[in-house]
Amino acid sequence: MLNIYESVAANKAKSLVVIIGFGLFVAIAVYFISQAFAIYQGYEPGGLGMAGLALIVSGFLSFGGYYFSDSIVLGISGARPANRKKDFNFYTTAENLAIGAGIPKPKLYVITDSAPNAFATGRDPKHAVICATTGLLTKLTRTELEGVLAHELSHIRNYDTRLMSVVAVLVGVVALLGDWLLRSTWFGGRRSNDDDNKGAAVIMIIGIVFAILSPIVAQLIQLAISRRREFLADASSVAITRQPAGLISALQKISKDPEPLEVANKATAHLYIVNPFKGAGYGAKGWFSNMFNTHPPVAERLKALQKMA
């Protein structure tokens with residue numbers, strides 16, 4: 001059995017391993033795709049000019065989503081600002097937990113929906129938002145609500161939105177480079193004058209393989225990072241509340257509730273504490289299906305929480 005701090009440390013270490021592996025994979029993929037692109041266009045391999053352009057394009061597209069993430073998501077979700085009198089438990093619980101977590105109280109919003117769920121967003125603790133559904137606020141006890149809000153505060157304190165934005169930029173770089181290389185080879189362009197160079201031919205083949213597979217692999221690793229950060233937020237939640245029972249009970253209630261969250265969509269689903277979709281395939285088991293999920297299975301999260309002292 002792990003104590004709270006050992007569990008948090010273990011989850012941070014596992015997250016770091018996945019992130020480092022992701023960075024190495026992206027670096028290797030970018031190198032070979034860039035070299036293949038240079039060879040195909042008739043330049044000497046060695047430069048990473050196209051990688052720089054892809055980084056600029058991907059970074060520009062991701063920056064707007066990162067900087068205005070709270071406004072965008074709240075607008076999509078149709079949330080209203082929380083009121084201290086009307087949403088007393090929500091407001092005061094978040095206020096108390098923020099003090100315990102050592103971060104500013106985030107802005108609080110409520111979605112009028114009977115399905116219990118919640119999410120956090122914002123680029124840093126000073127510009128953070130926690131949003132809960134009316135179903136969550138009415139169906140959970142205060143202790144369960146503490147567990148959920150501490151989980152969301154942990155996402156904010158751990159800068160998960162910032163991390164996932166950086167990951168999204170890197171995934172975008174790989175996807176753009178791969179797309180550019182494949183389009184150029186499919187539709188023609190300035191070919192290399194050194195067709196007999198076996199080394200160049202090998203790099204071209206490796207580059208095309210990376211161009212085809214890298215976007216898929218990068219997205220799978222991105223999802224793995226997202227799942228690992230959920231485990232970390234669960235452990236950090238317990239570190240704030242000092243007891244796992246509230247979050248365990250809350251996760252059981254939310255996951256067993258049959259109502260789908262009407263305002264959720266594929267663009268926002270990864271933000272919620274539990275997958276908001278309850279349609280076909282929800283709760284599917286098996287390592288293959290889990291690879292494509294933004295959240296780890298609730299059963300695994302509960303098992304990890306139950307091991308904490």
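Keep in mind it's a predicted model, so treat the numbers as computed, not measured.
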Which pair of non-hydrogen atoms, one from [X] and one from [Y], has the smallest distance, and what is that distance?
X	Y	value
Pro116	Thr133	CA-OG1, 3.5 Å
Gly207	Ile33	O-CG1, 3.7 Å
Ala269	Pro276	O-CD, 3.7 Å
Thr294	Ser226	O-OG, 3.0 Å
Ser114	Thr134	N-OG1, 4.1 Å
Leu247	Gly147	CD1-O, 3.6 Å

Is a side-chain N or O of [X] found less than 3.5 angstrom from the main chain of [Y], in a donor-acceptor match?
X	Y	value
Ser7	Met308	no
Arg157	Ala101	yes
Glu152	Ile130	no
Thr138	Gly135	yes
Ser77	Ala79	no
Lys253	Lys139	yes
Asp113	Ala115	yes
Ser214	Val174	no
Asn83	Lys86	yes
Thr93	Phe90	no

Ignoring hydrogens and angles, state whether a donor on the side chain of [X] or [Y] is under 3.5 Å from an acceptor on the partner side chain.
X	Y	value
Arg229	Asn158	no
Thr241	Glu146	no
Thr92	Arg142	yes

Gln222 atom CD, over 12 foreign heavy atoms within 6.0 Å: yes
Residues [X], [Y]: salt bridge by 4.0 Å N-O rule:
X	Y	value
Asp87	Arg80	yes
Arg227	Glu300	no
Arg183	Asp179	yes
Glu95	Arg84	yes

Transitive ILVMFWY side-chain link Ile208 to Ile28, under 4.5 Å: yes
hydrophobic_cluster_shared for Phe231 and Met164, side chain cutoff 4.5 Å: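 No: no chain of side-chain contacts under 4.5 Å links Met164 to Phe231.
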Side-chain touch Phe22/Val171, heavy atoms, less than 4.5 angstrom: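 Side-chain contact under 4.5 Å: yes.
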Side-chain heavy-atom pair Lys105, Tyr91 within 4.5 angstrom cut-off: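 A side-chain contact exists here, since the closest heavy-atom pair is under 4.5 Å.
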Candidate list Thr161, Leu271, Thr121, Asp160, test side-chain contact (heavy atoms from CB on, under 4.5 Å), partner His155, passing option: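 Passing option: Asp160.
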Parallel, tilted or perpendicular: rings of Tyr272 and Phe119 (30°, 60°):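 It falls in the perpendicular class, over 60°.
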